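Keep in mind the model is a prediction, meaning the values are calculated, not measured. When reading the values below, keep in mind they use all heavy atoms of this one structure, side chains included, and skip hydrogens, waters and symmetry mates.
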Amino acid sequence: MAASKKHVISLLGLVLTVAAANAFAYTGQKFAGEAKISMEQAREITLKAHPGKITDEELEQEKGGSGLRYSFDIKHGKVTQEVGVDAKTGDVLENAPPEGPNAD
């Protein structure tokens, strides 16, 4: 019985570890190998373009620039704004006006 209990506890620990690791993954991570700048570098560029708190981030294929970009939602006070950074050049592609209260 003790060995079975140890196996269950070990398995539970493994499941929680995998779940925690996936919680830190961002949307579009499968494209990371194509990016020339890292997510951390893109965050720095974004916060220089529009200071605030990053509430959402993703790496996506989208028209404009090199076709691969990081997209961030930045919250400053009650206002949320989207900032896009080219994942290959680091250029700011989008620094859109603030989004409404129901931004996705």
Side-chain angles (χ1 to χ4, degrees):
M1 180 77 173
S4 177
K5 191 174 183 178
K6 282 184 181 179
H7 282 88
V8 170
I9 291 171
S10 295
L11 182 59
L12 181 59
L14 178 62
V15 168
L16 291 175
T17 301
V18 170
N22 286 336
F24 293 109
Y26 53 88
T27 304
Q29 197 168 15
K30 63 186 173 194
F31 301 123
E34 300 174 40
K36 301 267 191 248
I37 63 168
S38 68
M39 175 63 86
E40 185 58 39
Q41 291 169 313
R43 285 184 194 117
E44 291 175 15
I45 293 166
T46 296
L47 292 173
K48 284 181 185 174
H50 189 81
K53 180 181 179 189
I54 296 173
T55 60
D56 190 39
E57 57 189 23
E58 65 183 317
L59 178 57
E60 59 190 352
Q61 289 183 317
E62 193 167 300
K63 291 181 181 179
S66 68
L68 187 65
R69 74 180 208 154
Y70 292 100
S71 180
F72 298 92
D73 286 346
I74 310 297
K75 187 170 186 174
H76 184 78
K78 294 183 179 184
V79 177
T80 300
Q81 182 164 339
E82 185 173 355
V83 177
V85 176
D86 190 295
K88 294 184 180 179
T89 66
D91 293 338
V92 175
L93 300 174
E94 178 182 7
N95 197 354
E99 297 180 358
N102 298 322
D104 52 16

(request) Could I get the full list of side-chain contact (heavy atoms from CB on, under 4.5 Å) partners for K36, not counting sequence neighbours? (result) K88
(request) List in chain and number order the residues that pass side-chain contact (heavy atoms from CB on, under 4.5 Å) with L47, two or more places apart in sequence or in another chain; answer none if no residue qualifies. (result) I54, I74
(message) Hydrophobic cluster membership, with links at side-chain heavy-atom distances under 4.5 Å among I/L/V/M/F/W/Y: are I45 and V83 in one?
(response) yes
(message) Run I37 and Y70 through side chain to side chain contact (heavy atoms under 4.5 Å, CB included) and show every step you take.
(response) CA-CA 10 Å; I37 63 168; Y70 292 100; 3.9 Å; yes
Provide the closest heavy-atom pair for [X] versus [Y] in the form atom of the first, atom of the second, distance.
X	Y	value
K78	K75	CA-CE, 4.3 Å
A87	L59	CB-CD1, 3.7 Å
L68	A35	CD2-N, 3.8 Å
E82	S71	OE2-OG, 2.6 Å

I'd like to check the side chain to side chain donor-acceptor pair (under 3.5 Å) partners of [X]; sequence neighbours left out, ordered by chain and number.
X	answer
S66	D86
E34	none
Q41	S38

(message) List the residues meeting salt bridge (charged side-chain N to carboxylate O under 4.0 Å, His left out) with E44, not counting sequence neighbours, and say none if there are none.
(response) none
(message) Just to verify, which of V85, L93, D91, V92 counts as forming a side chain to side chain contact (heavy atoms under 4.5 Å, CB included) with T89?
(response) D91
Could you measure the distance from the [atom1] atom of [X] to the [atom2] atom of [Y]? Nearest 0.5 Å is fine.
X	Y	atom1	atom2	answer
D73	H50	CG	NE2	10.5 Å
R69	K63	CZ	NZ	13.0 Å
E58	F31	CD	CZ	10.0 Å

